[in-house]
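When a residue number appears, it is its place in the shown sequence, counting from 1.
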Amino acid sequence: MTGLRYVYAVCRPFGAALQSQLTGVAGDPPRTLRHRGLVAVVSHVPEADFTEESLKERLEDLDWLAATARAHQQVIDALTAVTTPLPLRMATVFRDDSGVRVMMEEREQGFLRILDRLDGRVEWGVKVYVDESAGQDGRAGPEPAGKPASGREYLLRRRARTRAGEELWQRAEEFAARLHGTLSDRADEARLHAPQNPALSGATGRNVLNAAYLVRRDLSEEFVELVDRTKDDAPGIRVELTGPWAAYSFAGENPEEGDA
């Protein structure tokens with residue numbers, strides 16, 4: 001099959017087979033391309049969609065972008081089940097197999113250092129949300145019945161509601177800080193990401209903590225149980241756990257970087 005080479009990830013050589021029905025971007029099954037101590041997982045994609053100019057246009061097509069992202073993630077998830085992948089950016093493409101091998105040659109030592117750091121580990125995501133409509137006890141409640149009898153009563157109600165929201169927000173921040181400290185102690189590395197914009201994420205509530213943790217596979221069950229035990233600790237505060245993922249947040253060669 002002709003076309004450009006789309007690269008999903010770089011790994012150390014692994015013996016397990018990928019799912020037989022697995023397809024990648026543009027419907028082409030992924031395959032492995034070995035170069036010395038590294039393996040790139042690649043598939044063919046049409047040049048018409050992935051040249052620099054056409055890609056700029058394609059990235060404006062939200063349906064195409066979503067389908068490409070799903071196919072990319074599907075391959076990464078399959079790899080994570082059988083090995084430790086170092087995921088590359090979506091839409092990383094090369095002209096041919098030779099171009100992929102040159103890339104692995106030039107970045108071999110950096111790739112190997114990162115893979116050594118990530119070996120046997122996965123990423124877990126933890127988010128903490130606060131429900132700003134919650135009452136003073138931390139639980140959502142209705143507004144007082146009836147209209148305020150006077151302007152003074154209206155101001156008192158508004159002040160009480162504001163005070164309750166401020167107290168809940170403070171408790172949420174303290175809770176998130178404690179949780180992050182506890183989880184960081186159980187992880188090899190941790191990353192704090194910027195809070196999510198609810199208009200973009202679609203999540204309800206205000207995001208107080210958006211963190212990623214690099215955890216050994218054999219300790220993941222203990223890590224998940226630890227998160228689960230905290231979920232009912234603070235009324236009006238919601239804890240969300242996602243994973244296990246390939247270690248996107250820890251894929252930089254510098255421990256402070258998060259992108260391969």
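Residues that satisfy the salt bridge (Lys or Arg N to Asp or Glu O under 4.0 Å) test with E174, not counting sequence neighbours, are absent from this structure. Residues passing the salt bridge (Lys or Arg N to Asp or Glu O under 4.0 Å) test with D218 are R216, sequence neighbours excluded.
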Assess whether side-chain contact (heavy atoms from CB on, under 4.5 Å) is satisfied between L65 and M90, documenting all intermediate values. CA-CA 10 Å; L65 185 60; M90 193 179 78; 3.3 Å; yes
Before you tell me yes or no, could you show the steps for R186 and W124 under side-chain contact (heavy atoms from CB on, under 4.5 Å), namely the whole-Å CA-CA distance, both residues' side-chain angles and the distance that decides it to 0.1 Å? CA-CA 12 Å; R186 302 296 180 93; W124 290 92; over 6 Å; no
CA sep, side-chain torsions, deciding dist, call: V224, L241, side-chain contact (heavy atoms from CB on, under 4.5 Å): CA-CA 8 Å; V224 171; L241 174 71; 3.8 Å; yes
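For the pair E123 (side chain) and P244 (backbone), a donor-acceptor distance under 3.5 Å is absent. In this structure a side-chain-to-backbone donor-acceptor pair under 3.5 Å is missing from D28 to V45. Within the 3.5 Å criterion, the main-chain N or O of G24 finds no donor-acceptor partner in the side chain of S43. No side-chain donor-acceptor contact under 3.5 Å links N207 to the backbone of P195. The backbone N or O of K127 sits nowhere less than 3.5 Å from a side-chain atom of N210 that would complete a donor-acceptor pair. A donor-acceptor pair under 3.5 Å is absent between the side-chain atoms of T92 and the main chain of L88, judged by distance alone. At distances below 3.5 Å, at least one donor-acceptor pair connects side-chain atoms of S54 with backbone N or O atoms of A48.
I237 and A172 make their closest contact through CD1-CA, 3.4 Å (heavy atoms, listed as atom of the first residue, atom of the second, distance). Nearest approach of S184 to A190, heavy atoms of both residues: OG-CB, 3.6 Å. The two residues M104 and V39 make their nearest non-hydrogen contact at SD-C, 4.1 Å. Of all heavy-atom pairs between A9 and P87, the closest is CB-CA, 3.9 Å. Contact detail for D97 and L33: the closest heavy-atom pair is O-CD2, 3.8 Å. When every heavy atom of T84 is checked against every heavy atom of L118, the shortest pair comes out as CG2-O, 3.4 Å.
A salt bridge is defined here as a Lys NZ or Arg NE, NH1 or NH2 lying under 4.0 Å from an Asp or Glu carboxylate O, and D116 with R12 meets this definition. Ion pairing between a basic and an acidic side chain is recognised when a charged N comes within 4.0 Å of a carboxylate O; R5 and D96 show no such pairing. Salt bridge E189/R121: absent, no basic N to carboxylate O contact under 4.0 Å.
The closest side-chain heavy-atom distance from T23 to Q74 is below 4.5 Å. R95 is listed as a side-chain neighbour of E47, based on a closest heavy-atom distance under 4.5 Å. Annotation: side chain of F175 is not in contact with side chain of H180 (no heavy-atom distance under 4.5 Å). Residues V93 and V7 fail the side-chain proximity criterion, which asks for heavy atoms closer than 4.5 Å. You'll find the side chain of V41 stays beyond 4.5 Å of the side chain of P85, heavy atoms only. The shortest distance between side-chain heavy atoms of V239 and V227 falls below 4.5 Å. Put simply, the side chain of V42 does not reach to within 4.5 Å of the side chain of F94, judged on heavy atoms.
For residues 64-88, the set of pairs meeting the ring pair (Phe, Tyr, Trp, His ring centres under 6.0 Å) definition, not counting sequence neighbours, comprises Y6-H72, Y8-H72, F50-W64.
Summarising the geometry, atom CG belonging to L115 is positioned 6.5 Å from atom CG belonging to L38; distances are rounded to the nearest 0.5 Å. Rounded to the nearest 0.5 angstrom, L86 CG and I76 CD1 are separated by 9.0 Å. Rounded to the nearest 0.5 Å, atoms CZ (R36) and CG (L112) are 9.0 Å apart. Rounded to the nearest 0.5 angstrom, H44 NE2 and L4 CG are separated by 9.5 Å. In this structure, CZ in R206 is found 14.0 Å from CD in Q196, a value given to the nearest 0.5 Å. The distance from the CG atom of D185 to the CG atom of L226 is 10.0 Å, given to the nearest 0.5 Å.
Among the candidates F223, F250, W245, the single residue satisfying the ring pair (Phe, Tyr, Trp, His ring centres under 6.0 Å) test with Y213 is F223.
The local environment of CZ in R31 is crowded, with over 12 non-hydrogen atoms from other residues, nucleotides or ligands closer than 6.0 Å.
In this structure, R238 is positioned above the aromatic face of Y129, its NZ or CZ under 6.0 Å from the six-membered ring centre and within 45° of the axis.
Not less than 6.0 angstrom separates the ring centroid of H35 from the ring centroid of F111.
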